[in-house]
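Single-structure report; data block below.
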Amino acid sequence: MAFRIPRPAHLHQPAPADDDPRPQPPEPPLPSDCCDGGCDPCVYDLHAEAMRDYRERLERWRRRHPGAD
């Protein structure tokens, strides 16, 4: 029968900022990246989706690192 050994308290601490870097925003598309052909999805749609994801990841990061801004 296996049993779990409790982890020392210091191992339950949040990761330091070096181990949890601040998310970086995605690069915006260049005007030449869009062909104006009505693509679905357009590169601008993909960028908007990436920005929503970035904002969510940044908000979670800020909760883990209060006062880091």
Side-chain angles (χ1 to χ4, degrees):
M1 177 175 207
F3 62 95
R4 294 182 65 105
I5 299 173
R7 296 176 71 192
H10 71 279
L11 295 179
H12 293 286
Q13 300 300 318
D18 292 344
D19 293 340
D20 187 16
R22 181 188 180 112
Q24 297 300 307
E27 291 289 324
L30 299 172
S32 61
D33 291 339
C34 178
C35 69
D36 289 321
C39 299
D40 186 23
C42 174
V43 293
Y44 291 113
D45 297 331
L46 296 173
H47 181 258
E49 184 178 325
M51 283 299 297
R52 282 190 294 274
D53 177 64
Y54 160 72
R55 287 198 269 315
E56 290 172 7
R57 289 183 295 113
L58 181 60
E59 182 59 33
R60 288 191 303 267
W61 183 87
R62 284 179 170 152
R63 284 192 297 254
R64 290 191 305 272
H65 302 277
D69 286 328

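Position 1 is the first residue of the sequence; numbering continues from there.
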Report, one line per pair, each donor and acceptor closer than 3.5 Å where one atom sits in a side chain of residues 51-60; sequence neighbours left out.
| unit_1 | atom_1 | unit_2 | atom_2 | d |
| --- | --- | --- | --- | --- |
| Asp53 | OD2 | Arg57 | NE | 2.9 |
| Arg55 | NH1 | Met51 | O | 3.1 |

Quick one: side-chain contact (heavy atoms from CB on, under 4.5 Å) partners of Pro66, sequence neighbours excluded? none

For Cys39, the side-chain contact (heavy atoms from CB on, under 4.5 Å) test, sequence neighbours excluded, returns Cys35

Minimum-distance pair of heavy atoms, taken over all atoms of Asp20 and Trp61: O-NE1, 2.7 Å

Let me check something: any side-chain donor-acceptor pairs from residues 23-34 under 3.5 Å, sequence neighbours excluded? List them with distances.
| unit_1 | atom_1 | unit_2 | atom_2 | d |
| --- | --- | --- | --- | --- |
| Gln24 | NE2 | Arg22 | O | 3.2 |
| Asp33 | OD2 | Leu30 | N | 2.8 |

Taking side-chain hydrogen bond (donor to acceptor under 3.5 Å, both in side chains) as the test, write out the residues that go with Asp40, two or more places apart. none

For Asp36, check salt bridge (charged side-chain N to carboxylate O under 4.0 Å, His left out) against everything at least two apart and list the hits. none

